[in-house]
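Input: a single structure, listed below in structure tokens.
In listed order, ligands and their atoms are each counted from 1.
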Amino acid sequence: MQKKYLLAPGPTPVPPEALLAMAMPIIHHRAPDFLPVLDAAKKGLQWLYQTKNDVLILCATGTGGMVGSVTNFLSPGDDVLVINGGKFGERWTKICQAYGMKVEEIIVEWGHAVKPEQVEAALKKNPRIKAVFVQANETSTGVYHDIKSLASIVKKMDALFVVDAISALVAHDLRTDEWGIDVMVGGSQKGVMLPPGLAFVSVSDKAWKMADTAKTPKFYFNFKKERDNLAKNQTNFTSAVTLIIGLNASLKMLQEEGLENVLARHEKLAKATRAAVGALGLKLFPKESPSNALTAIEAPAGVDGQAIYKNLREKYGITGAGGQDKLKGKIFRIAHLGYADTFDVITAVAGIEMVLKGLGHPLKLGTGVGAAQEILMK
Ligand SMILES: *Cc1c(COP(=O)(O)O)cnc(C)c1O
């Protein structure tokens, strides 16, 4: 027997409260007993998103929410600006190109956060830009982009500000209304502690106005139809009934903890992980603005990052993540997102120490664990 620990940046562990709720018999999505379920999910998401805007609930992975956020607000040939600092930034570009938008990119060196001035300059240079796309967390590099500053810049322009917060929701404070985030995409299998299968998208008034003139063909992800259905506590097609029931259980846990405490927990877990990395003489991959949802760590010289990821899983049952694309073999990643607490970090750090030592990298066992403990005890 080997006990499993899921410490990947999605899917993340699902708490028993949500698992049990999802074990209940299915109910019909148009029957009266489902209406209060969707109503609670809708209100819970508005709480999590810190918004009065509609938050649509789609049956799709996060990428479905990203696709809908392109097709519902833009027309083919529109100019858009994509902040591309990793694999998920790249995905915005690919989606926009697939639907015929003219993409201008700000290429951010992997491991860095975009400089808000760059975005301001790009928008001033090309006033035709209709939307700015960014990740809150670029999950492939472990970097958090400064959404507050970016929002304050885009807000002054006609362009929409569209944020992929799929891995950042719950780990970072994202004030949709206060900061002026027009469209924000979330997903079920990250911070909200559910299986994959739901995408969430908040839509501002400014975005709804653009939806009126957007000409991109669409069928499944039709946000206006979703909005009209949501007003009646329905979804356009069959609701992902089970996942939405689970969502209410997860949201209830988060609400009982309180948003401030949830955010503080993530910050502390991230700090403890980073302290362990430093104490072990390892390097964080992010050169600035490391995420509170996950920690991307450089493999030490002479050690293959994929071997670290593989050994964690095979020897100790810990599933983290390796590096993607050009970072494959160079970094490994550990999440502390959603249903994560003190001993998830301890498990991860202890596992990393044992794996590195096993791979011949010199270190004193317990060094990283001790550094993490100091922070976790505060
Ligand atoms: C996980 C993730 C996604 C969504 O991926 P899906 O596989 O479609 O759920 C998108 N963006 C970011 C930043 C992510 O971390």
Q) How far is atom 11 (N) of ligand 1 from its nearest protein heavy atom, and which residue and atom is that? A) Asp164 OD2, 2.6 Å
Q: Would you please say whether a donor-acceptor pair under 3.5 Å links the side chains of Thr93 and Glu105?
A: yes
Q. For ligand 1, which atoms have a heavy atom of Gly62 less than 4.0 angstrom away?
A. 6 (P), 8 (O), 9 (O)
**Q.** Closest approach of any protein heavy atom to atom 8 (O) of ligand 1, naming residue and atom
**A.** Thr63 OG1, 2.4 Å
Q. Do the side chain of Asp54 and the main chain of Ser202 share a donor and acceptor less than 3.5 angstrom apart?
A. no
Q. Where the closest heavy atom to atom 5 (O) of ligand 1 is concerned, which of Glu138, Arg91, Lys87, Gln135 has it?
A. Arg91
Q. Closest non-hydrogen protein atom to atom 1 (C) of ligand 1, residue and atom name please, with distance?
A. Lys190 NZ, 1.4 Å
Q.
Between Asp164 and Ile166 (side chain of the first, backbone of the second, donor and acceptor by atom type, cut-off under 3.5 Å), is there such a pair?
A. yes
Q: Output yes when Asp173 and Arg175 qualify as a salt bridge under the 4.0 Å nitrogen-oxygen rule, no when they do not.
A: yes
Q. Just checking, any donor-acceptor pair under 3.5 angstrom between side chains of Asn292 and Arg265?
A. no
Q.
Exactly one of Phe88, Phe73, Trp92 should register a ring-ring contact (aromatic ring centres under 6.0 Å, His included) with Phe133. Which one does?
A. Trp92
(Q) Tell me the protein heavy atom at minimum distance from atom 3 (C) of ligand 1, and give that distance in Å. (A) Phe88 CE2, 3.5 Å
Q. Side chain or backbone of Gln189 under 4.0 Å from ligand 1, or both, or neither, by non-hydrogen atoms?
A. side chain
(Q) Under a 4.0 angstrom heavy-atom cut-off, which atoms of ligand 1 come close to Ser167? (A) 13 (C), 15 (O)
Q) Going by distance alone, is a donor N or O of one side chain under 3.5 Å from an acceptor N or O of the other, for Gln234 and His29? A) no
Q. With backbone taken as N, CA, C and O and side chain as the heavy atoms from C-beta onward, which portion of Asn137 lies under 4.0 Å from ligand 1: side chain, backbone, both, or neither?
A. backbone
Q: Would you mind reporting whether His266 and Leu337 have side-chain heavy atoms less than 4.5 Å apart?
A: yes
Q) Applying a 4.0 Å heavy-atom criterion (strictly less than), which segment of Ile166 is in contact with ligand 1: side chain, backbone, both, or neither? A) side chain
Q: Do me a favour and list the nearest non-hydrogen protein atom to atom 15 (O) of ligand 1 with residue, atom name and distance?
A: Thr139 OG1, 2.5 Å
